[in-house]
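The next block holds one structure in the form of structure tokens; read it before the comments.
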Amino acid sequence: MADDNDNKEENDEQTNGNIIPNGCEAVVAPNPVLGTEWSQAALESALQGVAREMKKKQLEGLEKTLYSSKQTIDENVEEWVSAFQQFHADYSSPREETQEEEFAKMYHELIHSPALSTLLQLEQTYASNRAELVAKRDRASAKLHSRHMKEMDKAVTTGASDKEINNIAARHTRETAKVENHFINDIAVLQQSQLKDYRDFVNGVFLAEKSAPASPTKPNSSYRRDMEDDEPSTPTRRKTKKKSESSSAIGRMLGSPTESEAGGVHEQRLEESFTVLLGTQQKTMHNVRVIAGSPLDLCKHQPTNESQTVDIQAERLSTAMSLYSQELRGMVLLVDNRLSSATGIKAKFTRVCEESTDFHFPSIEDQMETLKREADLDSSKLNNGDFYITRHSNLSECHVVFHLVGETEAASDSFNARSPVMLGARNIIRCAFHSGVLNLSIPLLMMHEVPNEMDDKACLRRAELVLKCVKGFIMETSISEGSIPRTFQFLVPENTSHALFEGYSSLFSNIFRISGAMAFTS
């Protein structure tokens, strides 16, 4: 009887689907009749517990491996970042490079190759052709303006009626617009032609260098053959310089003076350099320079010989080689608050940019139009302290120009350390630190021309205020952006006297901690 009862209980357990192994806790299996909600909750709880245990053991193992590893924290971080990037690269589709990125890579590789001199000489040839066209436009405009003035003066002196004077003024406007549109079209056609030919030339030289690489001791001359065969035609093309002239230019790059420079073709500017240490605990060495000159001097390609033609300069060489790098050159230019106007120093700067074609970035006119369109701002809404940035590859000593709004405010008597212009300078320095600008030129007086009512004492007080503020901005930004040696150039008006320039130089010794040699005597 007992055996029958045991068999009955065993059959019931098998019927219900409940098989309980020896030594295990009894858990009722799911039954389609009784439901599964309570059994699923128990199973989920058990799985979560197992997952927590596995994760805990995994983290303990990683922690043990980390502490026992001989690698530093930075090395571990780099390893994790590399693994993370590789993991995502394996499962993501590769992004195709744009034409601009491909051209940038080709130019960067060629500018650090034996083709350097050839590229720069070609750029100078193009710049000379365009400068001639721009100068021709200026002469035509000046001649037309002079004739219009004479006609208007004659009409006024002869007693012409108001209707006749209005008709003369309307005719003058039409003639001026006609001449301007004519040269605008000519410059645009020349720019597009030079841009296309230059990029085709760079692409051809790059492919030639790749197909026939140079030997370690003898540079490849295929780019010279390409230049002779494929040199683009321009309206007033000039031949490239001979090898001896090119060698003279290279010598000038390396700092050896030529006969024309020794003869003093252009006047030597006032300049003095310092090495300073900045920082609270960890000090960083920076180069500081005070220069007497216009900010446009950093943009123009100055003549270096008696024929007033422009050869390759060391500054231009450095600017070209650091174009696609984290060692950019920047300049602060004080402007008015109107985007649509081009007067004063803005007009002069635009004129300098027009003298040569920019082969890497849009023209200054296109960048300003893009800025006005994307910013969607009325010219009156630009406040003192605002700034906008333009990029350039055709200037002598700068890649980036920070246009700081506040030309009028900086020249007022109410200028102080809390002025919007100084706050804008602080933001520019932070932007320069963050964007890889290692060389920044700043107006020492926060003005490009000194008004007649400012005497030397007022200029020195203004310079001391700006220097102390800039020093604080540099130290403040270095804490968050890192301590990398940089160069800061402070520009003073080019008509500064020697005595006042000496006063400016003494301010640097008093405000900055100058690094110098120490003499010990026994």
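Please read all numbers here as calculations on a predicted model, not as lab measurements.
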So does Pro443 get a backbone contact from the side chain of His448, meaning a donor-acceptor N/O pair under 3.5 Å? no
query: Ion pair present between Arg199 and Glu100, side-chain N to carboxylate O less than 4.0 angstrom?
result: yes
Q) Do Lys471 side-chain atoms and Ile511 backbone N/O form a donor-acceptor pair below 3.5 Å? A) yes
Tell me if a side-chain donor or acceptor on Asn394 pairs with a main-chain N or O of His392 at a distance below 3.5 Å. no
Exactly one of Glu271, Glu397, Glu272 clears salt bridge (charged side-chain N to carboxylate O under 4.0 Å, His left out) with Arg289, and that residue is Glu271
Notebook entry, point to check: Does the distance from a Lys or Arg side-chain N to an Asp or Glu carboxylate O, for Glu109 and Lys105, drop under 4.0 Å?
Noted result: no
Item to complete: Would you check, one step at a time, whether the test ring-ring contact (aromatic ring centres under 6.0 Å, His included) holds for Phe359 with Tyr107?
Response: CA-CA 10 Å; Phe359 300 107; Tyr107 177 84; 9.1 Å; no
CZ (Phe508) and CG (Leu467) are apart, to the nearest 0.5 Å, by 4.5 Å
N/O donor-acceptor pair under 3.5 Å between Asp297 side chain and Ser294 backbone: yes
dist Ser506:OG -> Phe501:CZ (nearest 0.5 Å) comes out at 11.0 Å
Notebook entry, point to check: Would Phe349 and His403 satisfy ring-ring contact (aromatic ring centres under 6.0 Å, His included), going step by step from the backbone distance to the final call?
Noted result: CA-CA 11 Å; Phe349 175 74; His403 302 259; 5.6 Å; yes
Value for OG (Ser356) from CG (Asp358), rounded to nearest 0.5 Å, stands at 7.5 Å
In terms of heavy-atom contacts, Phe361 and Ser393 come closest through CD1-N, 3.8 Å
Per side-chain hydrogen bond (donor to acceptor under 3.5 Å, both in side chains), Glu354 is matched among Arg130, Arg137, Gln191 by Arg137
| task | Taking only Lys NZ, Arg NE, NH1 and NH2, and the carboxylate oxygens of Asp or Glu, determine whether Asp336 and Arg338 approach each other closer than 4.0 Å. | result | yes
**Ser113 (side chain) donor-acceptor with Leu110 (main chain) under 3.5 angstrom** = yes
Checklist entry - Gln367 side chain to Arg391 main-chain N or O, any donor-acceptor pair under 3.5 Å? => result yes
> Between His108 and His112, what is the ring plane arrangement, given parallel below 30°, perpendicular above 60°, and tilted in between?
Replying inline: tilted
(message) Determine whether Phe490 and Tyr504 satisfy the following criterion, ring-ring contact (aromatic ring centres under 6.0 Å, His included), listing intermediate values before the conclusion.
(response) CA-CA 10 Å; Phe490 293 90; Tyr504 291 141; over 10 Å; no
Does the pair Lys136/Asp186 count as a salt bridge with the N-to-O cut at 4.0 Å? no
Scanning both residues in full, the closest heavy-atom pair of Leu334 with Ile345 reads O-CG2, 3.6 Å
task: Please lay out, stage by stage, how Ile474 and Arg486 fare under the test side chain to side chain contact (heavy atoms under 4.5 Å, CB included).
output: CA-CA 10 Å; Ile474 296 173; Arg486 301 174 186 270; over 6 Å; no
Give a yes or no on whether a salt bridge exists between Glu369 and Lys372, defined as a side-chain N under 4.0 angstrom from a carboxylate O. yes
Taken to the nearest 0.5 Å, the spacing of Ile389 CD1 from Cys431 SG works out to 4.0 Å
(Q) Just checking Arg430: does its CZ atom have more than 12 heavy atoms from other residues, nucleotides or ligands closer to it than 6.0 angstrom? (A) no
